[in-house]
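What follows is one structure encoded as structure tokens, with my remarks underneath.
All values below were derived from every heavy atom in this structure, side-chain atoms included, with hydrogens, water molecules and symmetry-related copies excluded. This structure is a prediction, so every number in the text was calculated from the model and none was measured. Reminder, nothing fancy here: chain letters follow the sequence lines and each chain counts from 1.
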Amino acid sequence: MIQALRGMKDILQPQSERFVHIVETASEIAARYGYDYIETPLLEETALFKRSVGESSDIVGKEMYQFIDKGGNDVCLRPEGTAGIVRAFIQNKLDKRGGIHRFYYHGPMFRYERPQKGRLREFHQFGCESFGESSVYEDFTIILMIKDIFDALGIGYSIKLNSLGCPECMPGYRESLVRHLVDIRDGLCEDCQRRVETNPIRVLDCKNGSCKEALASSPLIVENLCETCDADFRRLTKMLDSHSIPYELDPKLVRGLDYYTRTAFEFVSDEIGAQSAIAGGGRYNRLVEFLGGKPTPAVGFALGIERIMELVKLPEKGRHGIYLGVMEEEALDTILKIAHNKRKSERVFVEYSKRSLKAHLKAADRLGARVCAVIGEEELKDSLVWIKDLETKEERRVGFDQLD
RNA sequence: GUGGGUGUAGCUCAGUCGGUUAGAGCGCCAGAUUGUGGCUCUGGAGGUCGCCGGUUCGAUUCCGGUCAUCCACCCCA
């Protein structure tokens, strides 16, 4: 038997219903915040991700589905959404056009990781990217939008917030951090000792207990921000406070992708296991320029649909729709016409073969229909259809055109 | 990539200290008379006990390998 590849899953109902519900809810809210839908290719040149996500990240280093296509191009399945959208933004010359451009997207992402709870090799994200707005109010608005989405979906979360600084203050901070890390090197885990060279910022994010202890006294970026970054960060937290949005300052929150600057945030849930981030994002003012476009400020986020599916509770829909069947073959034509008409407004099931009343009722019941409508010998004579409400058990006969 | 758990019916799982017909609940199918579903009752179908190899008179059970899956590390949504 051929099975789906490791870490890749079919999504059938009832899960597919949650999936659609999440995408629809998020899309609707994003549209109300002024975002337009964008669709970009799943396959991109490998160089795009190497440059945007960063070569030092594990995503690029060892988790990409990368291969050479038949034309000799080095390509890979996208491991995340932002890079492709930034590429599209630049390629379509929107950077030169100026103004503000906001996009939302959703679709599959691919990372060759070891699967576990909340982590798949093919997973789905919904995300938004806003280009051209440098105000921190846009960062605030994006956080507010995510809150709206999660509230609409009825799921709990907490927000972690940090600022990663900018080219003004980050390099200086990085140097002092490295100096400190070198001092405490012996107390760090193997991975972190390596990271001191490759990506010192990420040492802060290490979950290893001994590293956490060793890092207790390390300098924090939020205490080393330049004036502009600091003012923005204060404004952001003030806005969140005044809107009564609870958040937790996490000076050790480091986004895994290299392109983030200033605002970085994560929405986490404590109900879904170790992979607790249900949304993450922040500002990435340097990425457009880095990928060859005109310098353009940008903010964005992505949320993990599969992780959220575990949290969404769908309202019970109960019986709905109508089931149509016949006990005499001559009535099938009539039934099909009724079905076509009813389908303009509701869910309709049609059984094409002649069956006993009992069989029809049973089938209607199993399909979750509210009404079972059948034409038998008696109804055929008088041009009527017998209907039964499976919930109230009421039954009656009505004319072909009076079905409601 | 590392570590641990688990693979027995469609689903959730029991069980065999190695022995002849491998079980339960749920689900499924059929019936409880003629045109009445869900509930109940009765009956029935359905399993090469993940795969390969080893030990053994004999393996679903023990051992090794392999694959799959789950959880955690790592990484991240």
Side-chain angles (χ1 to χ4, degrees), chain A residues 1-9 22 26 53-54 56-64 78-82 106-127 146 157 189-192 194-195 199 202 205-209 211 253-257 265-269 272-282 300-311 319 323 325-328 354-372 374-380 386-391 393-395 397:
Chain A
M1 184 180 62
I2 296 176
Q3 295 187 47
L5 291 171
R6 174 164 229 208
M8 306 207 174
K9 293 209 162 146
I22 292 164
V53 178
S56 66
S57 75
D58 276 14
I59 293 179
V60 168
K62 46 191 187 192
E63 297 174 3
M64 290 208 295
R78 63 183 183 196
E80 59 101 42
T82 304
H106 54 85
M109 306 295 161
F110 302 85
R111 293 182 198 171
Y112 197 89
E113 300 182 88
R114 186 89 174 256
Q116 72 178 79
K117 191 175 174 64
R119 191 171 76 180
L120 297 164
R121 288 184 172 180
E122 180 187 25
F123 61 101
H124 296 78
Q125 290 189 330
F126 173 94
I146 302 170
Y157 55 86
C189 69
E190 223 175 280
D191 286 330
C192 284
R194 194 193 65 234
R195 289 193 188 106
N199 201 337
R202 212 167 288 150
D205 202 25
C206 187
K207 274 121 197 152
N208 188 305
C211 287
L253 170 70
V254 176
R255 309 264 57 242
L257 288 58
F265 57 81
E266 208 165 83
F267 282 63
V268 298
S269 165
I272 54 170
Q275 306 300 316
S276 59
I278 52 176
F301 77 92
L303 49 84
I305 296 178
E306 281 87 350
R307 290 183 186 175
I308 292 167
M309 282 199 289
E310 297 198 31
L311 300 166
R319 295 186 171 284
Y323 170 99
V326 297
M327 296 168 77
E328 299 297 330
K354 169 184 145 177
R355 295 209 175 152
S356 69
L357 182 62
K358 184 186 174 118
H360 283 308
L361 278 163
K362 197 163 186 176
D365 181 47
R366 285 165 59 117
L367 287 165
R370 173 72 191 257
V371 174
C372 178
V374 173
I375 295 180
E377 195 184 356
E378 293 168 36
E379 291 77 18
L380 199 56
W386 176 90
I387 64 175
K388 176 168 186 175
D389 185 313
L390 295 186
E391 219 157 270
K393 299 180 185 181
E394 282 174 76
E395 43 188 280
R397 289 193 172 83

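Of the two residues near RNA chain B, A/Gln3 and A/Phe123, the one whose nearest nucleotide lies more 5' is A/Gln3. Taking the nucleotide of RNA chain B with the nearest heavy atom to each of A/Ala4 and A/Ile278, the more 5' of the two is matched to A/Ala4.
Taking CD1 of A/Ile308 as the reference point, atom CD of A/Gln125 lies at 9.5 Å (rounded to 0.5 Å). The structure places CG of A/Leu311 at 8.5 Å from CD1 of A/Ile22, a figure rounded to the nearest 0.5 Å.
Taking only side-chain nitrogens and oxygens, A/Lys358 never comes nearer than 4.0 Å to OP1 or OP2 of B/A30. At least one side-chain nitrogen or oxygen of A/Gln116 sits closer than 4.0 Å to the OP1 or OP2 atom of B/A72. For B/C29, the OP1/OP2 oxygens have a side-chain nitrogen or oxygen of A/Arg366 closer than 4.0 Å. Within the structure, a side-chain polar atom (N or O) of A/Arg6 is placed less than 4.0 Å from OP1 or OP2 of B/U69.
To the nearest whole angstrom, the two P atoms, one in B/G10 and one in B/C28, are 15 Å apart. Between the C1' atoms of B/G27 and B/G47, the separation comes to 16 Å (whole Å). Here the separation of B/A59 from B/G1, taken at their C1' atoms, is 35 Å to the nearest Å. The gap from the C1' atom of B/G31 to that of B/A45 amounts to 14 Å, rounded to the nearest Å. For the P atoms, the distance linking B/G58 with B/C11 amounts to 33 Å, nearest Å. Comparing the same atom, C1', in B/G50 and in B/A9 gives a spacing of 15 Å after rounding to whole Å. Taking the C1' atoms as reference points, B/G18 lies 49 Å from B/A77, given to the whole Å. Atom C1' of B/U8 sits at a distance of 10 Å from the matching atom of B/A14, rounded to the whole Å.
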Salt bridge (Lys or Arg N to Asp or Glu O under 4.0 Å) between A/Arg397 and A/Glu378, worked out
CA-CA 10 Å; A/Arg397 289 193 172 83; A/Glu378 293 168 36; 3.1 Å; yes
Can you list the steps and then say if A/Met327 with A/His360 is a side-chain contact (heavy atoms from CB on, under 4.5 Å)?
CA-CA 9 Å; A/Met327 296 168 77; A/His360 283 308; 4.1 Å; yes
For the pair A/Leu120 and A/Lys9, evaluate side-chain contact (heavy atoms from CB on, under 4.5 Å) and give the outcome as yes or no after the intermediate values.
CA-CA 8 Å; A/Leu120 297 164; A/Lys9 293 209 162 146; 4.1 Å; yes
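Spacing between atom NZ of A/Lys9 and atom P of B/U69 amounts to 8 Å, rounded to whole angstrom units. Straight-line distance from the CZ atom of A/Arg121 to the P atom of B/C70: 11 Å, rounded to whole Å. Note: CD1 (A/Ile272) to C1' (B/C71) measures 14 Å, nearest angstrom. Regarding A/Leu367, its CG atom lies at a distance of 14 Å from the P atom of B/G38, rounded to whole Å. Put simply, CD on A/Glu113 is 14 Å from P on B/C71, counting in whole angstrom units. If you measure from atom NZ of A/Lys362 to atom C1' of B/A30, you get 9 Å, rounded to the nearest angstrom. At whole-Å resolution of the value, CG in A/Leu357 and C1' in B/U36 are 5 Å apart. Atom CG of A/Leu303 is separated from atom C1' of B/A77 by 8 Å (rounded to the nearest Å).
If you check every strand for non-hydrogen atoms under 4.0 Å, A/Ala364 touches nothing. Looking at heavy-atom distances under 4.0 Å, A/Arg355 makes no contact with the nucleic acid at all. Here A/Glu63 lies in heavy-atom contact (under 4.0 Å) with sugar-phosphate atoms only. Looking at heavy-atom distances under 4.0 Å, A/Glu328 makes no contact with the nucleic acid at all. If you check every strand for non-hydrogen atoms under 4.0 Å, A/Gly273 touches sugar and phosphate atoms only. In this structure, A/Leu390 reaches the bases: a heavy-atom distance under 4.0 Å links it to at least one base atom across the strands shown.
A parallel orientation is assigned to the rings of A/His106 and A/Phe126, their planes being inclined by less than 30° (bins at 30° and 60°).
Between the side chain of A/Gln275 and the base of B/C73, no donor-acceptor pair under 3.5 Å is found. Residue A/Arg114 places no side-chain atom within donor-acceptor reach of the base of B/C70, judged by atom type and a 3.5 Å distance cut-off alone. For a distance-only test at 3.5 Å, the side chain of A/Lys393 qualifies as a donor-acceptor partner of the base of B/G38.
Nearest approach of A/Phe265 to A/Leu253, heavy atoms of both residues: CA-CD2, 3.8 Å. Smallest separation of non-hydrogen atoms from A/Arg6 and A/Pro115: CG-CG, 3.9 Å.
Results of the side chain to side chain contact (heavy atoms under 4.5 Å, CB included) test with A/Arg111 over A/Glu80, A/Met64, A/Arg119 single out A/Glu80 as the only residue that passes.
A/Lys117 has a carboxylate O that lies under 4.0 Å from a charged side-chain N of A/Glu310, or vice versa, which qualifies the two as a salt bridge.
Among the nucleotides B/C73, B/A77, B/G37, the one closest to any side-chain atom of A/Ala274 is B/C73.
In RNA chain B, the stems built from three or more successive Watson-Crick or G-U pairs (distances below 3.5 Å) are B:1-7 with B:67-73, B:10-13 with B:23-26, B:28-32 with B:40-44, B:50-54 with B:62-66.
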